[in-house]
2 protein chains.
Amino acid sequence: MAETTGRATMRDVAALAGVSIKTVSRVVNGEPGVAVAVRERVQDAVQRLDYRHHLAASNLRRGSSRTGLVGALLQDVSNSFSAALLRSLEDALRDRGTAILSASLDEEPERERSLVHDLVTRRVDALVLMPSTDRQDYLSSDVRAGMPVVFVDREPRGVAADSVTIDNVGGARMGTEHLLAQGHRRVACLTDLAEIYTAASRRKGFDEAYAARGIRPHERLVVTGLRGPGAAEAAVSHLLELDQPPTAIFAGRNDLAQGALRALHRSDLETSVALVGFDDFPLADLVNPPLTVIRQDVGRIGRLTAELLLDRLDGDTSAPRRVVVEPTLVARGSGEIAPAP
Amino acid sequence: MAETTGRATMRDVAALAGVSIKTVSRVVNGEPGVAVAVRERVQDAVQRLDYRHHLAASNLRRGSSRTGLVGALLQDVSNSFSAALLRSLEDALRDRGTAILSASLDEEPERERSLVHDLVTRRVDALVLMPSTDRQDYLSSDVRAGMPVVFVDREPRGVAADSVTIDNVGGARMGTEHLLAQGHRRVACLTDLAEIYTAASRRKGFDEAYAARGIRPHERLVVTGLRGPGAAEAAVSHLLELDQPPTAIFAGRNDLAQGALRALHRSDLETSVALVGFDDFPLADLVNPPLTVIRQDVGRIGRLTAELLLDRLDGDTSAPRRVVVEPTLVARGSGEIAPAP
DNA sequence: GTCCAGCCTGACAACGATGTCACCTTCACC
DNA sequence: GGTGAAGGTGACATCGTTGTCAGGCTGGAC
């Protein structure tokens, strides 16, 4: 009893209650066909021994191959977008008693591969993936083996799977055009590594907006490879010191917009240089100036993702679906600053 | 091969390679003592069948009782505090190949109990808990059975376990005193349900700051039971319409501060009414006005939590430890607004 | 040629649980 | 009193894996 190691098993309970293991199993699983007196005796023993059901053993025997586990590999669970997504998945899966294994990829391909491997080894019932790799061919055998995968934020390449994404090119074009329409011509563009699907798409939208007006962006104002807010802040500080500094900035992700804003504040230029960010975030309406953003409806994306996931878990084996959500422009002030004459 | 159900098992691999199951096991686990030719034959079969190790079965047999799973029950994974905590846990556990099962409690006691039950059933190696219950007596049998539990943000009651908390009373006292020292006398206090440990402590600190000056808070300005930013916004809007509105606000949690700030903006009072929040958050320096907060160092808390967790996982069975981190006041502007004469 | 050591390999039981099936009561009914 | 159905209960095999141990084969020493 004072043993710190080892929990009671059904065998122990059976011994204490003076019944067979199978009867304990019946009681624990609430199966009918157990005499009331016996049931009570077993329940008593369960209590006395602090018996806890062993889900893994149970699943193994049932061969149901259902572990009630779902993996969620996101960019960074502490980023508001990933965090909100995680939360809506959680809400959608709660009722099913399905638990979520979450992890952050930080845009590192190797980490994605190793974490996927780990999750497969744990026999998750399904996977939600915001990939950091270019291609996900490595996933096909697992998908073939019956593990549903739903991609979020980025489309799958090299593997057939569902996805929920937004129109990144369109969103970026809209954001950039919003600035161009106000007369800005020196618009800076901040994005992450060109290998990253969303970063490349948003950069493309930026270019397209210029092209649509028959003009070209200033190359020196286009900065890629920005890994986080710190890098964006440094890059913008540098841009502001150019002979021909930007009069407006288009930031390709919420953390880059935040870094940019911080740089503007440091130079006291937050009310002179326009700024449009991609991705809304909780306090965008309260910063100074209130931030104009291209918003993707995270709640909606989360719900759609969960919906696809649940369908697949319920046995839907139809062809992969691609769901694309249209982003919207939310004008709050920072994006409506006119260029200096 | 076209089977969508069922993965290959060691039995299948053994059959294909023409060896016994045990030999496959040896190869898969990289054990020595297998002839090179045989090893290659097995590895080939593994590849061909897309064999994936079954961790649960392996753990079951090994009886190691180590699942490489840790549970993290937090207040709300989409809240920046919980999310940052989750992230630092993840970083600390990554190297060990330990995965994290996370879930949100939303301050609902029932959810905590049911999620803990679920995690025990899954045989997590340890648990990180930001409790929503008053008392956690229900945990003692599991702790006795050898499951380490580390409490974060709130101390355990009714069970012996480690904890990492901050000095909530002291922090709230410091924040309130900061406002009183500037001459504010009508300071509003916003907190969540009085049953919540942190909410009650912060409320207590607020009262103590007043008491230390031999004065008393205005009862009508003390609002409890605020469940989220929306409630805080509504409450503050209401307070601002009183005959004797507050000249300063002390908000007992980051989301309440955000709600309060939103209400101030709506009334264009953000530069006239002082505001001090409890808990820092990523953009607090960029909002308008920059928010003065009582900061708890989330990264530090996360690291300390992980440290305790790892020690316990490594077999440390010494008496429970209580780690208390001192919060600091970060003055940014919102808390330094003087009362109207 | 015999013997033994050392190296590989596989048969078997077991981890904790559950599905299958057979057995034993009991009791109603003819 | 005999029969059969219904209701309880347990023995056993099994899920996928690994620890234990026995045994086969090889080759070198005598």
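Throughout, protein chains are lettered first and strands after them, A, B, ... in sequence-line order, and every chain is numbered starting at 1.
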Gap between atoms [atom1] and [atom2], on [X] and [N] respectively (whole Å):
{"X": "B/Arg122", "N": "C/dG16", "atom1": "CZ", "atom2": "C1'", "value": "17 Å"}
{"X": "B/Ile21", "N": "C/dA14", "atom1": "CD1", "atom2": "C1'", "value": "14 Å"}
{"X": "A/Arg39", "N": "D/dG7", "atom1": "CZ", "atom2": "C1'", "value": "13 Å"}
{"X": "A/Glu31", "N": "D/dT9", "atom1": "CD", "atom2": "C1'", "value": "13 Å"}
{"X": "A/Arg123", "N": "D/dG16", "atom1": "CZ", "atom2": "P", "value": "9 Å"}
{"X": "B/Tyr51", "N": "D/dG16", "atom1": "OH", "atom2": "C1'", "value": "7 Å"}
{"X": "A/Asn29", "N": "C/dT20", "atom1": "CG", "atom2": "P", "value": "14 Å"}

Is the distance from OP1 or OP2 of [N] to the nearest side-chain N or O of [X] less than 4.0 Å?
{"X": "B/Asn59", "N": "D/dT17", "answer": "no"}
{"X": "B/Ser58", "N": "D/dT18", "answer": "yes"}
{"X": "B/Ser20", "N": "C/dT9", "answer": "no"}
{"X": "B/Ser25", "N": "D/dT17", "answer": "no"}

Problem - A/Ala35 side chain, from C-beta outward: closest of D/dG10, D/dT18, D/dG8 - result: D/dG8
Between the protein and nucleotides 12-15 of chain D, list the N/O to N/O atom pairs that are separated by less than 3.5 angstrom.
unit_1 : atom_1 : unit_2  : atom_2 : d
D/dT14 : O2     : A/Arg61 : NE     : 3.2
D/dT14 : O2     : A/Arg61 : NH1    : 2.9
D/dC15 : OP2    : B/Arg11 : NH2    : 3.4
D/dC15 : O2     : A/Arg61 : N      : 3.1

Practice task
Would you kindly say whether B/Ser132 and B/Glu112 are connected by a side-chain donor-acceptor distance under 3.5 Å?
Solution key: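 Yes, B/Glu112 and B/Ser132 have a side-chain donor paired with an acceptor closer than 3.5 Å.
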Exercise for the section: Classify the side-chain pair A/Ser318/A/Asp316 by whether it contains a donor and acceptor separated by less than 3.5 Å. Expected result: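 A/Asp316 and A/Ser318 do have a side-chain donor-acceptor pair below 3.5 Å.
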Problem - Electrostatic pair B/Arg7-A/Asp142, nearest N-O below 4.0 angstrom - result: yes
Exercise for the section: Could you tell me whether B/Glu107 and B/Arg154 make a salt bridge, using a distance below 4.0 angstrom between a side-chain N and a carboxylate O? Expected result: yes
Exercise for the section: Find which nucleotide of DNA chain C each of A/His54 and A/Arg26 is nearest to by heavy atoms, and output the residue with the more 5' nucleotide. Expected result: A/His54
Handout entry: Residue pair A/Val27, A/Val19: steps toward the side chain to side chain contact (heavy atoms under 4.5 Å, CB included) verdict
Key = CA-CA 11 Å; A/Val27 173; A/Val19 297; over 6 Å; no
Problem - Non-hydrogen atoms of A/Ala126 and A/Leu309 that approach each other most closely - result: CB-CD1, 3.8 Å
Practice task
Could you tell me whether A/Val24 contacts a base, only the sugar-phosphate backbone, or nothing, with contacts defined as non-hydrogen atoms closer than 4.0 Å?
Solution key: nothing
Handout entry: Sugar-phosphate, base or nothing in reach of A/Val19, heavy atoms under 4.0 Å
Key =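 The residue A/Val19 makes sugar-phosphate contact but no base contact.
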Handout entry: The single option from B/Asp91, B/Asp314, B/Asp125 passing salt bridge (charged side-chain N to carboxylate O under 4.0 Å, His left out) against B/Arg96
Key =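 One option only clears the test, and that one is B/Asp314.
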